[in-house]
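Down below is the structure, laid out as structure tokens.
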Amino acid sequence: MSVQLLPADYDLRFQEAVRNFWTSRSAGVPVKSQGGSRDAVITGKNMDGFCELVGRVAAHCGLPPEAVQTRRKSVVLPGYFRATKTWDVLVIHQRRLIAAFEFKSQVGSLGNNFNNRSEEAIGSAADLWVAHRHGAYTQTLADPALRELVADPRPPFLGWLMLLEDSAEARSPVGVEEPNYPAFPEFRGASYARRYQLLCERLMKEQLYGC
């Protein structure tokens, strides 16, 4: 018997989350001016559809609503190289960290922000995995027996999403500077869209993220 891991309406809900992003981004009123596309996204509501989608998947898998945390004060995890990191969604059930998600968007300013987004994704994952290995998510439990129960051998699921605008800038080839050593050939002439694709594929291949 096959097990359906995702709700039957998952694709539809994902499409709705994308529509919600563009609708809320267009209607959003910036709190303060920071320049560029940042003004349109600092209301914090643009990615809510994806947060809700995590809740639907968690419910489909049998987890209670309170296991999915989205409030800003509730989505903080300790790090190893830094004190804490704020995620977009955490799934915690019976004190066990099941999943952590971060949702990002890129609309314009690709040349200025692509490397920053990449470094953030890589660094956040690396920090979480080292913290996890050092018991950061079980050390607060006073009862050793409970600590052993929560320290499930299965690692948490880590997800990162980049919603990229389909634009000429995103699809145009980008040059590569190689003053000392040659870059990997797949980056030569690759657009920012292709670079994001390579980033996501390699984040999963190297097991920094599950998706």
Side-chain angles (χ1 to χ4, degrees), residues 5-7 10-22 25 36-38 41 46-58 60-61 68 70 75 77 79 81 85-91 97-132 154-178 182-211:
L5 297 178
L6 298 174
Y10 177 85
D11 289 342
L12 176 62
R13 297 296 180 181
F14 190 91
Q15 293 171 11
E16 289 179 352
V18 174
R19 282 195 295 270
N20 177 72
F21 169 82
W22 290 108
R25 188 178 188 279
S37 61
R38 178 64 176 162
V41 300
N46 298 18
M47 308 301 277
D48 278 4
F50 299 102
C51 297
E52 294 171 4
L53 188 57
V54 171
R56 293 184 65 85
V57 173
H60 175 78
C61 294
V68 181
T70 58
V75 292
L77 290 177
F81 299 102
K85 155 70 179 170
T86 301
W87 297 82
D88 289 313
V89 183
L90 295 180
V91 182
L97 176 62
I98 296 177
F101 296 88
E102 186 158 41
F103 305 127
K104 296 292 186 180
S105 62
Q106 183 74 70
V107 180
S109 302
L110 288 166
N112 295 328
N113 294 322
F114 174 81
N115 280 346
N116 291 338
R117 288 283 190 262
S118 302
E119 290 163 7
E120 289 171 2
I122 296 166
S124 295
D127 193 31
L128 182 141
W129 290 124
V130 177
H132 172 69
R154 293 167 296 180
F157 181 90
L158 195 56
W160 185 77
L161 179 143
M162 169 54 66
L163 185 60
L164 177 65
E165 178 187 29
D166 183 11
S167 65
E169 182 185 10
R171 289 183 268 104
S172 298
V174 181
V176 180
E177 295 183 1
E178 305 169 275
F184 286 102
E186 52 270 32
F187 287 108
R188 295 197 186 101
S191 65
Y192 283 115
R194 175 57 178 159
R195 289 188 180 191
Y196 268 125
Q197 180 184 355
L198 289 168
L199 172 65
C200 292
E201 290 174 352
R202 291 177 178 185
L203 289 174
M204 294 178 62
K205 180 180 179 180
E206 300 303 325
Q207 299 183 335
L208 288 176
Y209 289 88
C211 76

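Shown here are the side-chain hydrogen bond (donor to acceptor under 3.5 Å, both in side chains) partners of Asn20, two or more places apart in sequence or in another chain: there are none. Looking at residues two or more places apart in sequence or on another chain, you find a ring-ring contact (aromatic ring centres under 6.0 Å, His included) between Tyr192 and Phe114.
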> Is there a side-chain contact (heavy atoms from CB on, under 4.5 Å) between Trp129 and Leu158 once you walk through the steps?
Replying inline: CA-CA 10 Å; Trp129 290 124; Leu158 195 56; 3.8 Å; yes
>> For a side-chain contact (heavy atoms from CB on, under 4.5 Å) check, start with the C-alpha distance between Arg25 and Trp22, then their side-chain angles and the critical distance, and finish with the verdict.
In response: CA-CA 5 Å; Arg25 188 178 188 279; Trp22 290 108; 4.3 Å; yes
>> Using side-chain contact (heavy atoms from CB on, under 4.5 Å), reason through Met204 and Trp160 one step at a time and then give a plain yes or no.
In response: CA-CA 10 Å; Met204 294 178 62; Trp160 185 77; over 6 Å; no
> Given Val89 and Phe103, is the side-chain contact (heavy atoms from CB on, under 4.5 Å) satisfied, shown in steps?
Replying inline: CA-CA 9 Å; Val89 183; Phe103 305 127; 3.8 Å; yes
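A distance of 7.0 Å separates NZ of Lys85 from CD of Glu120, quoted to the nearest 0.5 Å. Glu186 CD to Glu201 CD: the interatomic distance, rounded to the nearest 0.5 Å, is 10.0 Å. Separating the CG atom in Asn116 from the OG atom in Ser109 is a distance of 11.0 Å, to the nearest 0.5 Å. The distance from atom OH of Tyr196 to atom CG of Leu110, rounded to the nearest 0.5 Å, is 6.5 Å. Residue Arg171 holds its CZ atom at 4.5 Å from CG of Asp166, rounded to the nearest 0.5 Å. Atoms CE and CD, on Met162 and Glu102 in that order, are 9.0 Å from each other to the nearest 0.5 Å.
Looking at heavy atoms from C-beta onward, Phe101 lies out of side-chain contact with Leu161 at the 4.5 angstrom threshold. Within the 4.5 Å cutoff, the side chain of Leu128 has heavy atoms near those of the Trp87 side chain. With a 4.5 Å cut-off on side-chain heavy atoms, Tyr10 and Leu53 count as touching. Proximity of Arg195 to Val176: side-chain heavy atoms (C-beta onward) are separated by under 4.5 Å at one or more points.
Gly189 approaches Pro173 most closely through the heavy-atom pair O-CB, 3.4 Å. Contact detail for Ala183 and Glu178: the closest heavy-atom pair is N-OE2, 2.7 Å. A pairwise comparison of heavy atoms in Leu5 and Cys61 identifies O-SG, 3.9 Å as the closest pair. Listed here is the closest heavy atom pair of Tyr209 and Ala121: OH-O, 2.6 Å. When all heavy atoms are compared, the tightest approach of Val57 to Pro7 is CG2-CD, 3.9 Å. Closest of all the heavy-atom pairs between Ala17 and Gly49 is CB-C, 3.6 Å.
Aromatic rings of Phe14 and Phe50 (six-membered ring for Trp) have centroids within the 6.0 Å cut-off, being under it.
Enclosure of atom CD in Gln207 is not indicated, since only 12 or fewer non-hydrogen atoms of other residues, nucleotides or ligands lie within 6.0 angstrom.
The backbone N or O of Gly108 sits less than 3.5 Å from a side-chain atom of Gln106, completing a donor-acceptor pair.
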